[in-house]
Amino acid sequence: MNHYLLPPMLERGWGRVIHVSSISARTLRGNGLYSSAKAFLNSYVTTLGRELAASGVVVSAVMPGAVAFEGSYWDKRWQDTAPRPDGERNGREICMDYLRHHQAANRFGTPEEIADLVLFLSSSQASFMQGCIIPVDGGSM
């Protein structure tokens with residue numbers, strides 16, 4: 001995508017490219033291939049952001065943590081409150097354990113909280129944020 005998006009931005013001398021990474025790039029939770037791909041993306045954003053720093057085009061990334069919305073992985077787990085006959089934890093209990101051990105905010109994030117940061121990074125006010133990779137993760141641990 002950058003191959004197609006960057007040339008017109010460079011011609012204008014202004015543009016914003018915001019990638020969506022994940023805290024998995026740092027915490028290595030979940031699928032190893034996913035975490036590795038996001039770690040690569042972070043390196044790419046830093047490198048490209050520095051290369052284009054003087055051009056007026058700002059390349060950055062957001063790293064969302066655990067975000068819940070209707071139909072999401074976390075939402076489905078939260079809705080699972082059925083007792084387990086074998087003593088295993090239900091989805092709600094798994095969510096509560098995750099929040100207690102991994103989220104300093106003790107709650108899931110919302111899409112709006114991620115979107116607010118992306119909106120700022122899209123603005124002229126983000127002109128000094130070349131190559132920034134910003135966690136939006138509720139103090140993920």
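If you're wondering where the values come from, they're calculated on a predicted model, not measured in any experiment.
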Nearest 0.5 Å, what's the [atom1]-[atom2] distance between [X] and [Y]?
X    : Y    : atom1 : atom2 : answer
N90  : R77  : CG    : CZ    : 9.5 Å
E70  : K76  : CD    : NZ    : 10.5 Å
I133 : K38  : CD1   : NZ    : 11.5 Å
Q125 : L119 : CD    : CG    : 9.5 Å

Intermediate values then yes/no, salt bridge (charged side-chain N to carboxylate O under 4.0 Å, His left out), D97 and R89
CA-CA 10 Å; D97 184 64; R89 298 179 301 168; 3.2 Å; yes
Got [X] and [Y] here, is their nearest side-chain heavy-atom distance under 4.5 Å?
X    : Y    : value
L52  : L6   : yes
E113 : F108 : no
L121 : I134 : yes
V59  : H19  : yes

Would you mind writing out the side-chain donor-acceptor pairs for residues 10-17 within the sub-3.5 Å range, not counting sequence neighbours?
residue	atom	partner	partner atom	Å
R16	NE	S123	O	3.1
R16	NH1	G56	O	3.3
R16	NH2	S123	O	3.4

Assert yes or no for the condition that the ring centre distance of F69 to W74 is strictly below 6.0 Å.
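No, too far apart.
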Decide yes or no on side chain to side chain contact (heavy atoms under 4.5 Å, CB included) for F120 and M129, but give the supporting numbers first.
CA-CA 11 Å; F120 172 77; M129 301 191 71; 3.5 Å; yes
According to side chain to side chain donor-acceptor pair (under 3.5 Å), does anything in residues 43-61 pair up with another residue at least two apart or in another chain? List the pairs.
N2-Y44
Between N42 and S21, is any side-chain donor less than 3.5 angstrom from a side-chain acceptor?
yes
Check step by step if side chain to side chain contact (heavy atoms under 4.5 Å, CB included) holds for R92 and D80.
CA-CA 6 Å; R92 173 78 54 97; D80 173 21; over 6 Å; no
Do L33 and L41 share a hydrophobic cluster, counting only Ile, Leu, Val, Met, Phe, Trp and Tyr and linking them when any side-chain heavy atoms are less than 4.5 Å apart?
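No; L41 is not reachable from L33 via cluster members.
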Which heavy atom in P7 sits nearest to a heavy atom in H3, and how many Å separate them?
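The answer is CD-O, 3.2 Å.
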Measure across S72 and V67 and return the closest heavy-atom pair with its distance rounded to 0.1 Å.
OG-O, 4.1 Å
Does A25 offer a backbone N or O that forms a donor-acceptor pair with the side chain of S22 under 3.5 Å?
no
